[in-house]
Amino acid sequence: GFMDSDGIELDRPVRFACTVRVAGDSIAFDFTGADRQARGPINLRPSMVEACVFYCLIGALDPKLQYNDGMREVVRFRYAPHTITNASPPAPVSSYQTANLKLVDVILEALGHFRPERGLAHSGSSGALSIAWRAARAGMPSLQYEIFGSAYGGGAGHDGATGVSTHLSNIHLTPIEILESEFPCRVTAFEIVPDTGGPGEYRGGLAVRRSYELLEDAVVVRRYDRARFPPSGVAGGRAGHRSRFVLHPGTEREQEMPASGRYELQAGDTFFLQSAGGGGYGDPAKRDPEALARDIAEGWVSQAHHTESVLDAGAVTRCPA
């Protein structure tokens, strides 16, 4: 699986790879195929990689399992030095969460070959929005900081969830009422975006979009992923919709930006954030007609989009050579 970039080398995708081998009563996770450590702050240390592995392994085997250190007796790890999953100083690590979530996608896809009944398509990411307000306001905070969830991929026997924190994330979205009472910010729309979940026998969760208007000058920093490489489908499912970050939407200045960046904006400027949709699981042609009819009736999927996904024989989105 691939992250869009490390935030510094913007034209270079970051590759995550995991090989799983089961022999007797032990299981080995090999990360030697991972990309070199990054200049940007998305690197991981083995302790974090192990947390991702045990999270995925418990989910693939039995979610009721209680983690304990005895699991280490049957789980083996292999790394290559100076790589994205075994970084060495001075490689920065402060934005590790988006890397964690991509690694979890890759590990779960690998484990799905052993336990297809627990299989899961790739999910959306977690991300952050920071708005540093220029004007000082007595007794009021000057930094607006929000964490965003996205959507789960579809899985064997179920659709992906929409508008949630995925996998290792556990922070909820800030309510609009708090934002507008604490900061010079107006939220002009908050909505689920139709046709953004990856088509499949079990579709991915849908993207969520939130639109903002700034009432004062500010510096906006956006950190996210999945704008170039959307969440992949598995077992014949299609990819979910990529994430989006758009400045000045609906105006002659409208501009779609990378998933991460820093922007100097003025009072009256607008933008929207759109999370990624989860990947689909299984052949879209096998979608239950009642489930499809319900999706269409509720406005989550259009008939044209479903028909196109069934006819489309293209491969799941992958990194170009």
Scan side-chain atoms only and decide if Ser169 and Gln97 contain a donor-acceptor pair under the 3.5 Å cut-off. yes
Using a strict threshold of under 4.0 Å (side-chain N to carboxylate O), is an ion pair present between Arg72 and Asp69? yes
Would you say the side-chain atoms of Thr98 and Arg223 include a donor-acceptor pair closer than 3.5 Å? no
Would you call Val301 and Arg203 a side-chain contact if the rule is heavy atoms closer than 4.5 Å? yes
Measure up the Trp133 and Phe183 rings against each other and bin them: parallel (under 30°), tilted (30 to 60°), perpendicular (over 60°). parallel
Just wondering, more than 12 heavy atoms not from His82 lying within 6.0 Å of its NE2? no
Below 4.0 angstrom, N of the basic side chain to O of the carboxylate: do Glu264 and Arg134 qualify? yes
Parallel, tilted or perpendicular: rings of Tyr79 and Phe31 (30°, 60°): parallel
Please determine if Asp225 and Lys102 form a salt bridge, counting it only when a charged side-chain N lies under 4.0 Å from a carboxylate O. no
Taking atom types as modelled, is there a side-chain donor on Asp195 or Ser302 under 3.5 Å from an acceptor on the other? yes
Return yes if a side-chain donor-acceptor contact under 3.5 Å exists between Arg210 and Tyr212, otherwise no. yes
Side chains of Ser243 and Arg226, heavy atoms from C-beta outward: is any pair under 4.5 Å? yes
Can Gln303 and Thr307 be counted as having a side-chain donor-acceptor contact under 3.5 angstrom? yes
Between Val93 and Leu44, is a side chain to side chain contact (heavy atoms under 4.5 Å, CB included) present by the stated rule, with each step listed? CA-CA 6 Å; Val93 297; Leu44 301 177; over 6 Å; no
Polar contact flag, side-chain donor to acceptor under 3.5 angstrom, His122-Glu109: yes
